[in-house]
Amino acid sequence: MSQTTMQGPTRRHLSDRRVIQLFIVPTMLLLILMNIFPLIYSLYLSFTEYSIISTTAPEWVGLQNYRDILSDERFWENFAITGRYALYSVSLQMIVGFGMAMLLKEKFRGSGLLTTLILVPMMVSPVVVGVFWRNIFNPSIGILNPLLGYQNLETSPEWLVEYPLYSIVIVDVWMWSPFVMLLALAGLSAIPDYLYEAAAIDRASSWFQFWRITLPQVMPLLIIAVLFRTIEAFKQFDLVMGLTGGRPGTETVSVRLYREALQGQFETGSSSALAYIVLVIIIAISNLYIRALNRVREA
Amino acid sequence: MTRKLGTLAILLAVLFVGFSGNSAQPVADAQDGVTELTIWWAEWDPANYLQQVGNNYEEETGISVTVVQEPWGSYFDRVAAEWAARGDSYDMVVGDSQWLGQGVEEGHYLDLTEFMTSEGLAETVTPATLQYYGEYPAGTGQYYAYPTEGDANGWAYRKDLFENPDEMAAFEEAYGYALAVPETWEQLRDIAEFFTRPDDGLYGVGVYTQIDYDAITMGFENVLFSYGVDWADENNNVFDVVNSEAAVAALELYKELYSFAPPGTDNAFFAEMNDIFINGQAAMIMNYFAFFPALDNPEINPYRDVTGYFAMPAGPDGDRFAALGGQGISVNAYISEERQQAALDFIRWFGQEEVQAEWAALGGYTCNINVLGSEEFLNQTPYNAAFAETMTFVKDFWNIPQFGQLLEPTQRYLHSYVVGGEGTAQEALDGMAFEHDEILIEAGLVEE
């Protein structure tokens with residue numbers, strides 16, 4: 001009888017390292033295929049004159065696309081609109097969201113149900129929200145003007161014509177303030193009670209407690225909320241298209257990008273350059289927020 | 001044994017042919033190798049009608065026809081992506097007239113000139129539809145599509161308002177002529193003004209204003225063309241053409257019409273037009289004929305029995321034009337010759353007068369001259385007469401490969417002025433002309 005037969009068949013065991021590789025390699029391949037390659041390829045395209053629907057190959061033009069964008073007044077206007085929109089929208093969301101969180105901080109009968117209901121808007125598809133609010137704003141059939149006391153159609157405001165950017169801000173605040181509220185609530189519930197008890201013993205006023213305990217404690221989560229909402233505001237597209245179709249005065253950078261890249265023009269080279277400019281801006285703003293977050297944490 | 005087997009084989013063959021009956025042709029076609037054809041079109045009712053016609057083709061030939069429908073919003077994107085890949089996912093595409101330039105110059109469409117002219121197919125459709133749906137470049141006699149779904153802008157109006165004796169008397173007293181279907185744009189403007197009564201929730205007119213794709217341009221060019229203006233002259237010069245005095249007058253009139261439209265129609269296209277009519281908010285609406293079937297449905301339109309239709313009115317010099325909608329069917333240049341032949345066979349069959357009559361009966365808008373002129377077609381729906389009239393004076397936007405680039409500033413300037421009220425008509429058209437000129441220079445169509 002041979003030795004092999006006596007010991008039985010040998011079983012090959014996979015090392016931990018091998019198992020890790022087996023799980024990670026497909027993920028990495030997928031990531032490279034779906035994320036890294038398009039990122040690098042679009043960077044290359046941003047230096048070319050190219051249309052994706054054309055049969056001609058990309059032609060290298062160096063920095064020309066970037067120069068064209070940065071010297072085009074209309075692009076600056078797009079950036080200005082996007083900046084204004086982000087500023088108004090994020091500021092209001094922080095105020096409304098944090099305010100709601102303060103009101104819902106204390107538990108009361110039905111507070112759970114109320115919190116859930118408040119969260120509903122952010123779960124609805126932005127396109128649906130756009131159509132929904134377009135009807136609300138409609139001066140002929142919408143309910144907003146009658147609710148505000150306007151009875152005469154002739155004197156009723158046409159929100160989407162007279163205040164298009166503010167209308168989009170209103171809808172965005174309605175939709176995303178609950179997100180800020182959720183993060184703020186998480187921060188508020190994590191504040192230890194003994195801090196307030198100690199402050200009460202010291203006869204600190206409510207304002208003092210808010211300013212010196214509540215706000216600093218919840219600040220890291222608020223900065224994260226600002227970070228997320230600012231990034232989203234800079235990418236705002238669906239609400240704009242749903243509400244105003246991206247008419248002049250509401251043409252954000254993303255709407256312009258869509259028009260350049262897809263809508264009839266298919267300027268793949270210059271739209272890639274524009275996408276990279278937006279990416280750099282978002283990374284820069286994110287960095288500022290992250291630094292602020294780190295400073296708050298260290299403090 | 002061999003003889004027995006041979007006899008058995010013959011018997012089986014005879015039995016097979018006997019049971020096949022009328023379907024001998026499918027066997028022959030199947031033997032040719034093409035047993036199915038794929039047509040791409042946008043997602044709307046006419047595509048369903050084409051599918052029904054395609055089912056008849058299968059019954060007759062055994063070759064199945066599948067009409068793949070894509071939502072309008074992403075239709076061009078999908079076709080363009082297939083063009084870029086030189087793909088063969090479709091055999092035929094029912095494409096917009098504006099796509100012709102790109103489809104031809106980049107080699108995506110098969111040249112149908114010989115096919116259309118040698119068998120007389122080109123002569124079966126109205127000249128205007130052949131020119132705008134099939135010919136590229138204009139005036140060359142080179143054809144790349146068979147006019148399939150004729151469509152253009154027309155008007156629906158409330159007959160109960162127009163024919164009300166009190167309204168008629170009041171109108172005549174105010175404007176000095178009888179209230180009737182408008183024959184000129186000036187009359188249409190007067191009627192729109194007359195019926196604008198915000199206190200009653202009634203407005204005179206509904207016009208296209210949507211900025212998303214091409215709606216406001218299509219709406220405006222109805223007036224522009226009728227005022228004797230084109231998008232450029234024969235040498236592609238745009239200055240003193242699209243910003244000429246006549247063009248300014250046309251744009252001012254279009255803006256005036258918008259002032260008689262119901263509030264909330266600041267980004268309106270076909271759906272909104274039908275909505276305001278059905279809601280009783282508008283006395284008249286402009287819309288593509290393809291969307292009028294909804295108004296002829298009593299379950300949708302409470303004013304169905306008092307809804308009338310008319311073709312575009314004339315400009316100051318009597319010119320009449322309507323913005324073209326609709327599409328022609330083209331053959332994919334990247335499929336095999338065998339499939340191209342099968343696609344041409346389908347178009348030949350589809351172009352027959354009896355099939356076109358059936359296509360029209362289903363709800364498709366035929367471009368066939370004889371069918372359009374037949375009493376049966378004219379009386380089939382209340383809007384067919386206006387449609388047949390319109391098909392003789394249709395006109396289109398640019399159809400060169402740069403049409404998308406030209407469309408973007410057109411939409412922007414028109415919407416800014418008409419809806420946004422920014423600047424003057426002259427300033428809007430000057431800005432538009434300047435940007436059009438830059439695009440045409442870059443495309444090499446105009447000298448700098």
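Chain letters run A, B, ... following the sequence lines, proteins first, then strands; residues in each count from 1.
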*asked:* Please tell me whether Thr217(B) and Thr410(B) have a donor and an acceptor in their side chains that are separated by less than 3.5 angstrom.
replied: no
_At under 4.5 Å between heavy atoms, what parts of residues 60-73 of chain A are in contact with chain B? List them by residue number._
none
*Flag if over 12 foreign heavy atoms under 6.0 Å of CE, Met34(A)*: no
*Check whether the side chains of Tyr334(B) and Glu82(B) place a donor and an acceptor atom closer than 3.5 Å, and report yes or no.*
no
_Whether Thr209(B) side chain and Ala268(B) backbone form a donor-acceptor pair below 3.5 Å_ = yes
*Option that, when pairs with chain A are counted at under 4.5 Å, heavy atom only, ranks first among Trp99(B), Trp83(B), Tyr203(B)*: Tyr203(B)
*Phe179(A) atom CZ: more than 12 heavy-atom contacts under 6.0 Å*: yes
*Test item: side-chain donor near acceptor, Gln236(A) and Thr252(A), under 3.5 Å*: no
*asked:* Could you check whether any side-chain N or O of Ser46(A) sits under 3.5 Å from a backbone N or O of Gly269(A), counting only pairs where one atom can act as donor and the other as acceptor?
replied: no
*So does Glu251(A) pair up with Arg259(A), basic N to acidic O under 4.0 Å?*
yes
*Which atom names give the shortest non-hydrogen contact between Val238(B) and Asn243(B), and what distance separates them?*
O-OD1, 3.7 Å
*Decide whether Asp96(B) and Gln327(B) meet the rule of one side-chain donor and one side-chain acceptor closer than 3.5 Å.*
yes
*Among Tyr109(B), Trp41(B), Trp40(B), which one satisfies ring pair (Phe, Tyr, Trp, His ring centres under 6.0 Å) with Tyr90(B)?*
Trp40(B)
*Side chain, backbone, both or neither: which part of Gln281(B) has an atom under 4.5 Å from a heavy atom of chain A?*
side chain
*Counting N and O atoms only, with roles assigned by atom type, does the side chain of Asn332(B) sit under 3.5 Å from a partner on the main chain of Gly87(B), one being a donor and the other an acceptor?*
yes
*What are the two closest non-hydrogen atoms of Asp77(B) and Leu262(A), and how far apart are they?*
OD1-O, 3.8 Å
_Any residue of residues 127-139 of chain A which, by heavy atoms, sits under 4.5 Å from chain B_ = Arg134(A), Asn138(A), Pro139(A)
*For the residue pair Phe76(B) and Phe403(B), categorise the inter-ring angle as parallel (less than 30°), tilted (30 to 60°) or perpendicular (more than 60°).*
perpendicular
_Ring centroids only, cut at 6.0 angstrom: are Phe270(B) and Phe291(B) within range, meaning strictly under it?_
yes
_Report, in residue-number order, which members of residues 75-92 of chain A are under 4.5 Å from chain B by heavy-atom distance._
none
_Residues Arg412(B), Glu408(B): salt bridge by 4.0 Å N-O rule_ = yes
*chain B heavy atoms under 4.5 Å from Ser156(A): which part of the residue, side chain, backbone, both or neither?*
neither
*If you check every heavy atom in residues 157-177 of chain A against those of chain B, which residues fall under 4.5 Å?*
Glu158(A), Leu160(A), Val161(A)
*Over 12 non-hydrogen atoms of neighbours within 6.0 angstrom of CG in Leu257(A)*: yes
*asked:* Using a 4.5 angstrom heavy-atom cutoff, name the option from Ala84(B), Gly264(B), Pro263(B) with the most pairs to chain A.
replied: Pro263(B)
_Are Tyr254(B) and Tyr417(B) an aromatic pair, judged by ring center distance below 6.0 Å?_
no
